[in-house]
Student: 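My questions will all concern the structure given below.
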Amino acid sequence: MQRPFYITTPIYYVNDRPHIGHAYTTIAADLLVRYQKLTGRETFFLTGTDEHGTKIAEAAEKAGVEPKAFCDQVVQHFKKSWQNLLVSYDGFIRTTDQKHINSVRKLLTILNDARTESGEPIIYSGTYEGLYCTACEKFLTERELVDGVCPDHKIPPTVLKEKNYFFRLSAYLDKLKKLIETDQLMIRPQERRREVLGLFEQGLTDFSASREKVKWGIPLPYDSSQVAYVWIEALSNYISGIGYGDDEDQFDKWWRNAETVHLMAKDILKFHCIWWPAMLMAAGLPIPDKIFLHGYFTVDGEKMSKTLGNQIDPNDMIEQFGPDATRYLLQTQYPFGADGDIQKSRFVAKYNSDLANDLGNLVSRVAKMIMASFDGKLPKPAESLDGGDEIIAEAEKLPETVMAHINKFKILAAIEAVLGLVRTANRFFDTNAPWKLVKNGSPDKAGGVLYICAEAIRIIATLISPVMPSKSLEILGVLGLGDEALSLDNARTFYYLEPGCKIKIKGSVFPRLKDEKKKDKTEKKIIDNNLLDTSEFARAEMVVAEVISAERVEGADRLLKLQIDIGSEKRQIVAGVAQFYTPEEITGKKIVVVKNLKPAKIRGVESNGILLAAKKGKKLCLVVPEGDLPPGAAIN
RNA sequence: GGCGGUGUAGCUCAGUUGGUUAGAGCAGCGGAAUCAUAAUCCGCGUGUCCGGGGUUCAAGUCCCUGCACCGCUACCA
């Protein structure tokens, strides 16, 4: 008997609607769990939402509702999206659920009482020092500051200390490192595992376990003036969602006795691969078995961004391709785990070649011929068909091949293996040409060809069902089967279909799509939102300037410090062009600068203005006046 | 600059612990067939496996080095 299988996605922060990134991870998890289910394994799939924190509280206030009510609304978008994408989770944990809160409080209590092997408390009190904006009532990172002031309130933050509890991560580092090295905590892909091990070399410090100033959160059981730190709270969802502190039997089953897998994108590597196992060790709980971190994708070679207008909305894809093909297309763009590029132009081509031409057409030609030549009844198998033994062998071997890939998270390889059988079946159909056999008076032989193809289709539909759950059922329906047929065991055995069973097909399973480009609509929308008033544009005072001298800024490889002449005066600016221009090259050039920009300090160097340059990918060019104009000439 | 990654056919990528003539899909060209969603099937690729060293009987596959690119990170007003 196999161990039960437990898989999670991260919980998603509800300050955002679900986007393609969320969808990608969640579809992958759903697909992996469905494959496990095919083998007959008991499975549990947990996803959910992260709903605490200052940002949420603020967003709720803006919307004029209580935080909880605000979250309730956003959560519906997530649930709806997952439903639309055929994601079938077993648990949906919200960090505002009472059972989550209870669970976190239990964990915190245990951690607070626990001691390290050398007898030190795991949780200790310390001070956190940071930049605090009194108007926001929150700590800001240096990165968030604009010109050294709070971007919202334009006031400088004060350096403030607050009491925090800390988690003694340092006590677990050696042990944890060994667990990772020995794969007892299996981190995949390998490059991510190396990255984690690299973090140990770079030094890891204890982290905050609580915050004092945050209000929307879970108060510590032992100090109600503090709230559990976001990562402590969020990571706990993986156990609160399966009964920790609530239903011990369930927790035993899914955490202590199951194979536990966390799936996520690589950005949250440190928290999951280091903090989370350390917390569990401190609490005396088992660590997860596997952590898989998939990569990031770009769209048409560029990072997704609103200004580029190259985002992919899962809902748009569903509208164009349907939920099954959307899942298929997203998972076949590049290998799972690696970084990759999604090219929208490939969607239609891939859909047509794989799904319409190969799979859909196979189903169609086989079913229609059975209907036309065999009265819609599945004919009997026949002997000695050209390539018959080979296709049967390939089909019977396929379940093992597919699962071997899936168990290594090689989703693309698994899918391609299934598609291989589709191609074999089309080839088999062609070489035996049953339509000729019918005409030549060998209907039995023709029937045998069709029987083998029908069986291949059944096995294909079963093995692709985790990727395309509803389309697979539609295909099985053509063969007169339902979801009871969906199991790996059934896929392993040929001659499952009874000769004589009714075969019927209505339309096309995957109708061919026209390859046309009609995305102008969305592009226009984005431009409209960005329209400027003439007066707004005029606020930027641009002038021609001459570079008098230039030098590199020490310790920064992108920065040049420029002394420039703007006619009325000489001033200094800092520009991020060092990778494209040497100081010598840029000296003497006439450039365009915005002169009425707030002064700023960059890398400790004062900058009074910004120069104009055009950049695309790896190329950057200064914007220069086409003719000869003196410094100070205004640009309108 | 630090850490990590990548570099194989026009494009997207496979190439397992080093071992025979380096593969697949897509696109392209030519042909066959007409059951089927103008879908399918067959044939066609001498690719400096980024460059340079090295280890080895043997390297796309290991080691060193250089270059290019990507991600995170610091700095990009």
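Just so we're on the same page: letters track the sequence lines, and every chain starts at 1. Just so it is clear, the model here is predicted, and its values are computed rather than measured.
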Student: Looking only at side-chain atoms of A:D430, point me to the closest of B:G25, B:U40, B:U12.
Tutor: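 Side chain of A:D430 sits closest to B:U40.
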Student: Backbone N or O of A:L179 within a donor-acceptor pair of the A:T182 side chain at under 3.5 Å?
Tutor: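 Present.
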Student: Looking only at side-chain N and O atoms, does A:K270 come under 4.0 Å of OP1 or OP2 in B:C72?
Tutor: no
Student: Given atom CG of A:N426 and atom P of B:C41, what is their separation to the nearest angstrom?
Tutor: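 Whole-Å distance recorded here is 5 Å.
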Student: Atom CG of A:L269 and atom P of B:C3: how far apart are they, to the nearest Å?
Tutor: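 Taking atom P of B:C3 as the reference, CG of A:L269 is at 16 Å.
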Student: Measuring to OP1 and OP2 of B:C41, would you say a side-chain N or O of A:R427 lies under 4.0 angstrom away?
Tutor: no
Student: Distance check, C1' atoms only: B:G66 and B:A14, in whole angstrom units.
Tutor: 28 Å
Student: Send over the distance from A:L355 CG to B:U40 P, rounded to a whole Å.
Tutor: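 Taking atom P of B:U40 as the reference, CG of A:L355 is at 12 Å.
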Student: More than 12 foreign heavy atoms under 6.0 Å from NZ of A:K270: is that the case here?
Tutor: no
Student: Would the A:F409 and A:H294 ring centres measure less than 6.0 Å apart?
Tutor: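 No, ring centres 6.0 Å or more apart.
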Student: Looking at B:U37, I'd like to know if its phosphate oxygens (OP1 or OP2) sit under 4.0 Å from a side-chain N or O belonging to A:K368.
Tutor: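 For B:U37, OP1/OP2 do have a side-chain N/O of A:K368 under 4.0 Å.
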Student: Within the 4.5 Å heavy-atom criterion, are A:N361 and A:F510 side-chain neighbours or not?
Tutor: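 They are not in side-chain contact.
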Student: Specify the residue among A:V366 and A:K350 whose closest nucleotide of RNA chain B lies further upstream toward the 5′ end.
Tutor: A:K350
Student: Specify the separation, in whole Å, of atom CH2 of A:W435 and atom C1' of B:A39.
Tutor: 12 Å
Student: Can you tell me the pairing partner of B:A22 across any strand shown, Watson-Crick or G-U wobble, with both distances under 3.5 angstrom?
Tutor: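 Partner of B:A22: none.
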Student: Counting only side-chain heavy atoms from C-beta out, which of B:C35, B:U34, B:U37 sits nearest to A:K436?
Tutor: B:U34
Student: Does any nucleotide pair with B:U56 by Watson-Crick or G-U wobble geometry, both distances under 3.5 Å, and what is it?
Tutor: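 Pairing partner: none.
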Student: Nearest to the side chain of A:V574, which nucleotide is it out of B:A39, B:C41, B:A77?
Tutor: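 Between B:A39, B:C41, B:A77, the one nearest the side chain of A:V574 would be B:A77.
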Student: Establish, from distance only, whether the side-chain atoms of A:T424 and A:E394 form a donor-acceptor pair under 3.5 Å.
Tutor: yes
Student: Does the side chain of A:K410 get closer than 4.0 angstrom to OP1 or OP2 of B:G15 through an N or O atom?
Tutor: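 Yes.
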Student: If you compare every side-chain N and O of A:N357 against the phosphate oxygens of B:U40 (OP1, OP2), does one of them come in below 4.0 Å?
Tutor: yes
Student: On a whole-Å scale, what distance lies between the C1' atoms belonging to B:A9 and B:C29?
Tutor: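 Between the two C1' atoms, the distance is 16 Å.
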Student: Return the pairing partner of B:G1 with a 3.5 Å limit on both distances, Watson-Crick or G-U wobble; otherwise return none.
Tutor: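 Partner of B:G1: B:U73.
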Student: Compare the minimum distances between each of B:A36, B:C41, B:U37 and the side chain of A:R365, then state the nucleotide with the smallest one.
Tutor: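 Side chain of A:R365 sits closest to B:A36.
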Student: Both distances below 3.5 Å, Watson-Crick or wobble geometry, any strand: find the nucleotide opposite B:G30.
Tutor: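 B:G30 is paired with B:C42.
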Student: For nucleotides B:G4 and B:C57, find the distance between their P atoms and express it as a whole number of Å.
Tutor: 32 Å
Student: Which of these nucleotides, B:A36, B:C35, B:G4, is closest to any side-chain atom of A:R192?
Tutor: B:G4
Student: Quickly work out the A:D386 CG to B:A33 C1' distance and round it to whole Å.
Tutor: 16 Å
Student: How many Å lie between CG on A:D358 and C1' on B:C26, as a whole number?
Tutor: 11 Å
Student: Let me spell it out: for each of A:L412 and A:L359, pick the nucleotide of RNA chain B with the closest heavy atom. Which residue's pick is nearer the 5' end?
Tutor: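 That would be A:L412.
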Student: From C-beta outward on A:N361, which listed nucleotide comes closest to its side chain: B:A39, B:G4, B:U12?
Tutor: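 Of the options given, the side chain of A:N361 lies nearest B:A39.
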Student: Round to the nearest Å and state the distance from A:M369 atom CE to B:A39 atom C1'.
Tutor: 16 Å
Student: Can you tell me if A:N407 and A:Y35 form a side-chain donor-acceptor pair at under 3.5 Å?
Tutor: no
Student: If we take the C1' atom in both B:G15 and B:C49, what is their distance in whole Å?
Tutor: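 Rounded to whole Å, the distance is 10 Å.
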Student: Return the value, rounded to whole Å, for the distance between atom CD of A:E416 and atom P of B:C26.
Tutor: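 In whole Å, B:C26 P lies 11 Å from A:E416 CD.
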Student: If you look at every strand shown and take non-hydrogen atoms under 4.0 Å, does A:D267 touch a base, only sugar-phosphate, or nothing?
Tutor: nothing
Student: Quick one: look up who B:U6 pairs with, Watson-Crick or G-U, both distances under 3.5 Å, and put none if it's unpaired.
Tutor: B:A68
Student: If only side-chain N and O atoms count, and only distance matters, is there a donor-acceptor pair under 3.5 Å linking A:D386 with A:T431?
Tutor: no
